[in-house]
Amino acid sequence: MEQKTIAVLTSGGDAPGMNAAVRAVVRTAIANDMRVLGVRRGYDGLIHGDMIPMNLRSVSDIIQNGGTALFTARSPAFMTEEGQKQAVDTCKKFDISGVVVIGGDGSFRGAKALCEKGIPCVAIPGTIDNDIACTEYTIGFDTAMNTAVEMVDRLRDTTESHNRCSVVEVMGRRCGDIALWAGVAGAADIILVPERPLSWADAANRLAANKLRGQLTSIVMIAEGAGKAEDFCEYVRKYTDVEIKATVLGYIQRGGNPSAFDRVLAAKMGQRAVELLADEANMRGTDRAGSRAAENNDLRENFGYAVGIRENRIISVPLAEAVSTRDCFDDKLYDLNSVMAKF
Ligand code: ADP
Ligand code: F6P
């Protein structure tokens, strides 16, 4: 049988564990007798044909590295019809029978657009934001959250020494998961997230009340989707006598060696992504019934899937489902923190 070629790319914001996912894709593909091309700089690389053949050694010694060895990009060109057409032409030119896209929700939308133009795609959730509908965890979230917790621990030392308050701004776009998890693990007194809006007046009153009853130090976690740390500080200073300092963690939380959890998750998801493409290639033109790719009874012409993890099982869902709005904020965890923080 003719040897198939697949391509793998990383797109959008980098996330720790992307390299581990690329490694898993390359090695699973080779084990399935497929050729693999590594696309550089996300969809831009697909548009311009910037690709390198990958072998077993290409992915040696990268599992432990943060960032992405394939580089990443936000590609305005790929948002256009013309850019997508060019990417499809590249796939045809290089005889690419499937693309594995590792990225966040924007990258997933890109993969959906590509599959709707006839290129089979499987998307792997790789983003620190944990904001993808089809999965409980995205690759990179665990590492970023642990980095944020370490920073909160450090901040607590200096904050307590000065009897001050600190507000820590973390990333996540519109998703509050990094703030929530790092807030619970770092014993934050208040967690400000877009999913559970709390007025700044209420938050400031709580800090003032803490101070009145003798708790001079409080830690506030704020997700970027809920506002800016500095703006919140200004508000608190204006309406209370609480001394408060802002820290924006910024890109620090996107770098660093991936945690064991993220590496293992990446390995499992990378393997499943290639298995899906292998099934698609084997079944093309024949009856797909019984294949792993058909596990959702979705036999559409456009082959587009996303992988995820639910209840500790790796799953795959149609891309259309994967790009729907995520609606699984952990309200119980948020409420638990309210009890722990005793306000
Ligand atoms: P992330 O994947 O981390 O969410 P972005 O939202 O920046 O990051 O998306 C990464 C890239 O995916 C974009 O630069 C663009 O090239 C592509 N993309 C995003 N949304 C779409 C869309 N609706 N259609 C086609 N491509 C898209
Ligand atoms: O999606 C990952 C992320 O780090 C978000 O948390 C953040 O809002 C955004 O990317 C920052 O993007 P950029 O790297 O383009 O500044």
Side-chain angles (χ1 to χ4, degrees), residues 8-18 21 39-48 50 66-68 70-88 90-91 99-117 119 121-135 137-145 147-148 168-182 193-194 221-229 248-256 262 302 304 306 308 319-320 322-326:
V8 56
L9 60 87
T10 51
S11 165
D14 63 290
M18 278 184 162
V39 183
R40 285 191 284 227
R41 282 180 286 280
Y43 291 118
D44 273 350
L46 208 54
I47 290 173
H48 300 295
D50 184 5
T68 163
L70 286 177
F71 304 103
T72 187
R74 312 216 189 253
S75 170
F78 191 76
M79 302 286 282
T80 66
E81 193 62 25
E82 180 55 26
Q84 290 169 19
K85 229 177 106 316
Q86 280 178 269
V88 170
T90 304
C91 291
V99 180
V100 178
V101 171
I102 305 165
D105 64 339
S107 304
F108 273 41
R109 284 174 215 284
K112 183 167 171 281
L114 201 56
C115 94
E116 282 164 1
K117 289 193 157 41
I119 306 296
C121 284
V122 179
I124 296 178
T127 166
I128 62 168
D129 298 341
N130 210 36
D131 59 349
I132 293 188
C134 68
T135 189
Y137 299 106
T138 57
I139 298 166
F141 168 66
D142 182 68
T143 307
M145 183 251 302
T147 302
V168 189
E169 182 184 319
V170 292
M171 283 183 168
R173 268 198 194 166
R174 290 170 295 275
C175 180
D177 275 21
I178 299 177
L180 174 65
W181 284 68
V193 287
M221 293 297 296
I222 184 166
E224 63 177 341
K228 293 198 172 305
V248 181
L249 290 194
Y251 295 100
I252 294 285
Q253 71 207 284
R254 234 165 56 183
D262 277 332
N302 297 327
L319 267 174
V323 298
S324 60
T325 311
R326 180 174 179 268

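FYI, the numbering just counts along the sequence from 1. Order of listing sets the numbers, starting from 1, for every ligand and every atom in it. Owing to the predicted nature of the structure, the values given are computational and were not obtained by experimental measurement.
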**Fill in**
min-distance protein heavy atom vs atom 2 (C) of ligand 2 -> Asp129 OD2, 3.3 Å

**Item:** From Pro125, Ser107, Ala73, Gly12 - option closest to atom 2 (O) of ligand 1 by heavy atom
**Value:** Ser107

**Request:** Identify the two heavy atoms, one from Ser107 and one from Gly12, that lie closest to each other, and give their separation to 0.1 Å.
**Result:** OG-N, 3.8 Å

**Per-atom contacts of ligand 1 with Tyr43, taking only distances under 4.0 Å to non-hydrogen atoms** = 12 (O), 16 (O), 17 (C)

**Request:** Go through ligand 1 atom by atom and flag the ones less than 4.0 Å from a non-hydrogen atom of Phe78.
**Result:** 16 (O), 26 (N)

**Prompt:** Which atoms from ligand 1 have a heavy atom of Gln84 less than 4.0 Å away?
**Reply:** 25 (C)

**Item:** Proximal candidate to atom 13 (C) of ligand 1 [heavy atom criterion; set Ser75, Gly106, Gly126, Gly110]
**Value:** Ser75

**Any donor-acceptor pair under 3.5 Å from Thr90 side chain to Gln86 backbone** = yes

**Prompt:** In terms of ring plane angle, is the pair Tyr43 and Phe78 parallel, tilted or perpendicular, where the classes change at 30° and 60°?
**Reply:** parallel

**Complete:** closest protein heavy atom to atom 27 (C) of ligand 1 is Met79 SD, 3.2 Å

**Fill in**
Ranked by distance from atom 23 (N) of ligand 1, the top protein heavy atom is Arg109 CB, 3.6 Å

**Message:** Looking at Arg326 and Asp105, is any side-chain nitrogen of the basic one under 4.0 Å from a carboxylate oxygen of the acidic one?
**Reply:** no

**Prompt:** Does any N or O atom in Gly13 lie less than 3.5 angstrom from one in ligand 2, N or O only?
**Reply:** no

**Asked** Counting each atom of ligand 1 from 1 as listed, which ones have a heavy atom of Gly104 under 4.0 Å away?
**Response** 1 (P), 2 (O), 3 (O), 4 (O)

**Asked** Under 3.5 Å, side chain of Thr138 to main-chain N/O of Ile128, donor-acceptor pair present?
**Response** no

**Request:** Looking only at non-hydrogen atoms, find the nearest pair between Thr127 and Ile132 and report the distance.
**Result:** CG2-CD1, 4.1 Å

**Message:** Can a donor-acceptor pair be found, under 3.5 Å and without considering hydrogens, that links the side chain of Thr80 to the backbone of Gly83?
**Reply:** yes

**Request:** Return yes when atom NZ of Lys117 has more than 12 non-hydrogen atoms of other residues, nucleotides or ligands closer than 6.0 Å, and no otherwise.
**Result:** yes

**Request:** Determine whether any heavy atom of Asp105 lies closer than 4.0 Å to an atom of ligand 1.
**Result:** yes

**Prompt:** What protein heavy atom sits nearest atom 16 (O) of ligand 2, and how far away is it?
**Reply:** Tyr251 OH, 2.3 Å

**Complete:** The closest protein heavy-atom partner of atom 9 (C) of ligand 2 is Arg74 NH2, 3.8 Å

**Complete:** min-distance protein heavy atom vs atom 8 (O) of ligand 1 -> Arg74 NH1, 2.9 Å

**Prompt:** Do the side chain of Asp262 and the main chain of Thr143 share a donor and acceptor less than 3.5 angstrom apart?
**Reply:** yes

**Request:** Give a yes or no answer on whether the side chain of Gln253 reaches the backbone of Met171 with a donor-acceptor pair at less than 3.5 Å.
**Result:** yes

**Request:** Write out the residue and atom name of the closest protein heavy atom to atom 8 (O) of ligand 2, then the distance separating them to 0.1 Å.
**Result:** Glu224 OE2, 2.5 Å

**Item:** Identity and distance of the protein heavy atom lying nearest atom 3 (C) of ligand 2
**Value:** Arg254 NH1, 3.5 Å

**Message:** Can you tell me if Gly104 contacts ligand 2 (heavy atom of the residue under 4.0 Å from the ligand)?
**Reply:** no

**Asked** At under 4.0 Å between heavy atoms, which part of Glu116 makes contact with ligand 1: side chain, backbone, both or neither?
**Response** neither

**Asked** To which protein heavy atom is atom 11 (C) of ligand 1 closest, and what is the distance rounded to 0.1 Å?
**Response** Ser11 OG, 3.7 Å

**Request:** Show which atoms of ligand 1 fall inside a sub-4.0 Å distance from at least one heavy-atom site of Gly13.
**Result:** 3 (O)

**Request:** Without swapping roles, check the side chain of Glu169 against the backbone of Ala229 for a donor-acceptor pair under 3.5 Å.
**Result:** yes

**Request:** Indicate the atoms forming the closest heavy-atom contact of Ile102 with Met18, along with that distance.
**Result:** O-CE, 3.7 Å

**Message:** Check for me whether Gln253 has a heavy atom closer than 4.0 Å to any atom of ligand 2.
**Reply:** no

**Message:** Can you see whether Phe71 has Arg40 sitting over its ring - NZ or CZ less than 6.0 Å from the centre and within 45° of the normal?
**Reply:** no

